[in-house]
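In what follows, every chain begins at residue 1, and chains take the letters A, B, ... in the order their sequences are listed.
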Number of protein chains: 2
Amino acid sequence: MGKEINSIPDIIISRLPVYYQYLKRLQDSTKEYISSEELAELTGFSSSLIRKDLSYFGTFGRKSYGYDVFCLFQQLSIIMGFNYKKKIIIIGAGHLGQALAYNKGYRERGYQLISIFDKNPKLIGLVINDIEIRSINNLEEFMENNKINVAALTVPGGAAQKITDRLVAAGIKAIWDFTEVPLQVPDDVLLEEQLINEGLCKLSVKMNQIRINNSESAEDLNCEQK
Amino acid sequence: MGKEINSIPDIIISRLPVYYQYLKRLQDSTKEYISSEELAELTGFSSSLIRKDLSYFGTFGRKSYGYDVFCLFQQLSIIMGFNYKKKIIIIGAGHLGQALAYNKGYRERGYQLISIFDKNPKLIGLVINDIEIRSINNLEEFMENNKINVAALTVPGGAAQKITDRLVAAGIKAIWDFTEVPLQVPDDVLLEEQLINEGLCKLSVKMNQIRINNSESAEDLNCEQK
DNA sequence: GTGATATTGTTAAAAAAATAACATACTCTA
DNA sequence: TAGAGTATGTTATTTTTTTAACAATATCAC
């Protein structure tokens, strides 16, 4: 279905935002070129891996100089498709939805936030960061009149699947999901699950490991339950 | 430094929150046992991988039955250290910081949110979800009187490193970082970077790929820049 | 109780990813 | 312009991760 050919390995995709982040910050500096070795120091990835990742997309470097900081940043933007304009809406104007309305990351990535929807009448009509909150009742009509590329989903878990079905029926092709609820979507709809509490989980596991290693009693973990 | 021995591979750690999420939802159902095959269907990981992941921590299954839904959930909680109590504070009471104050994910993971700090006098004293916003001036004093395990960092990029240094000096050992700014921390401080816009990046890359595949002109991507 | 069935935990094989190594090409100095 | 130095892009090797296979064990129907 078109997804198979030319698909960048997920593991590479996952490193692109990191490269992007560091190169973005270097734009302000006077540094003109950066070597894979220096980039390795910044990102924590090996220089070899960085060269390999980049070579997946083309040849961007200059022998004995390194990579042009500006050009590489541009190239990364292109690789990630930031030069294409995308329209995004937020569904759910709760605390998280509102925080997302103030997020400054859209523009540089080619996104334009154009609306927020909620079902709470008290919120409808309110203006958040220049964006008016609309009634969820008008979702389908709005989507018919505006080509929406991505919907950020910040509704309560109970409403998540129902809203998702409506979005899919209205033709959405990508969902940025903050609900922490397993959602069903058709194969041709991209679903990016943003497990907001994943960081808490990882920190907890790691703190736990440190505790175990310090107390040198790793057997506690393998306690049989029966 | 204690970190080396007994360290769970990151790749396994990254799947634990997913297992946890699905098993949590199964707690409400009448399902008593679940097979690795069924879990595979839910999570998208292969059944073989799931069995292997779990066997890393012990033997939790029952031959020809599968895994006890309740027990496995409990075990996962223990593996991730959720049975240990951890205190967390939020630094930065902006939109994102406030949204995090309303996050419902702390308790089940063993975290207790005990304070929010900000430097804005207009916010200090305000109560968000039963938590009073304190002055950042009182950070050190507060940390001396309360053993804090994790600090969630939602301050503007410009202030990030300075605040981090203060947290580290005050003895913090884990930071949940939302700033999207590269932070320097000592080796013994856990830094979990929560790149909030990573999802937007990944969706953009994937939508871009689909476009390229559909138009069958993959060469566009490899345009030389010189 | 016996045999058919199911599902684990684990071992073996395959695939994917990361690292190391290096030939190539460019720069700079003298 | 020759030679030393540098850093890429790519190939070879190693390591890690995933998948496949299967022996072991428990269940259940009869």
Could you check whether A:Ser48 gets within reach of a base, just the sugar-phosphate, or nothing at all, counting any heavy atom under 4.0 Å? base
Looking at the side chain of A:Ser55, which of C:dT8, C:dG9, D:dT10 is the nearest nucleotide? D:dT10
If only side-chain N and O atoms of A:Arg62 are considered, is one of them under 4.0 Å from the OP1 or OP2 phosphate oxygen of D:dT6? no
Looking at the side chain of B:Leu49, which of D:dG9, D:dT19, C:dT8 is the nearest nucleotide? D:dT19
When you measure from the side-chain N and O atoms of B:Arg15 to the phosphate of D:dT18, is any distance below 4.0 Å, counting only OP1 and OP2? yes
How close or far is atom P of C:dA17 from atom NZ of A:Lys52, stated in whole angstroms? 10 Å
What nucleotide among C:dA21, D:dA7, C:dT10 has an atom nearest to a side-chain atom of A:Ser64? D:dA7
Pick base, sugar-phosphate or nothing for A:Ser47, based on heavy-atom distances below 4.0 Å to the nucleic acid. nothing
Quick check for you: among D:dT25, C:dT11, D:dT11, whose closest atom lies nearest to any side-chain atom of B:Lys63? D:dT25
Separation of C:dA17 P from A:Phe45 CZ (nearest whole Å): 14 Å
Protein-nucleotide distance (B:Tyr67, atom OH; C:dT7, atom P), rounded to Å: 12 Å
So, OP1 or OP2 of C:dT7: does either fall under 4.0 Å of a side-chain N or O from B:Ser35? no
Just N and O in the side chain of B:Tyr65: are any of them under 4.0 Å from OP1 or OP2 of D:dC28? yes
Run the side-chain hydrogen bond (donor to acceptor under 3.5 Å, both in side chains) check on A:Tyr20 and B:Glu198 step by step: do they pass? CA-CA 10 Å; A:Tyr20 177 82; B:Glu198 201 182 4; over 6 Å; no
Looking at A:Asp68 and A:Arg62, is there a salt bridge between them, counting it only when a charged N and a carboxylate O are closer than 4.0 Å? no
Classify the ring geometry of B:Tyr111 against B:Tyr106: parallel below 30°, tilted from 30° to 60°, perpendicular beyond 60°. perpendicular
To the nearest angstrom, how far is A:Asp53 atom CG from D:dG9 atom P? 12 Å
Taking the minimum atom-to-atom distance to the side chain of A:Ser46, which one of C:dT19, C:dT27, C:dT10 wins? C:dT19
How long is the line joining CD of A:Glu32 and P of C:dT27, in whole Å? 14 Å
What is the distance from CD1 of B:Ile11 to P of C:dA15, rounded to the nearest Å? 19 Å
Nearest-Å distance, CZ (B:Phe60) to C1' (D:dT25)? 19 Å
Is the closest side-chain heavy-atom distance between A:Glu192 and A:Ile175 below 4.5 Å? no
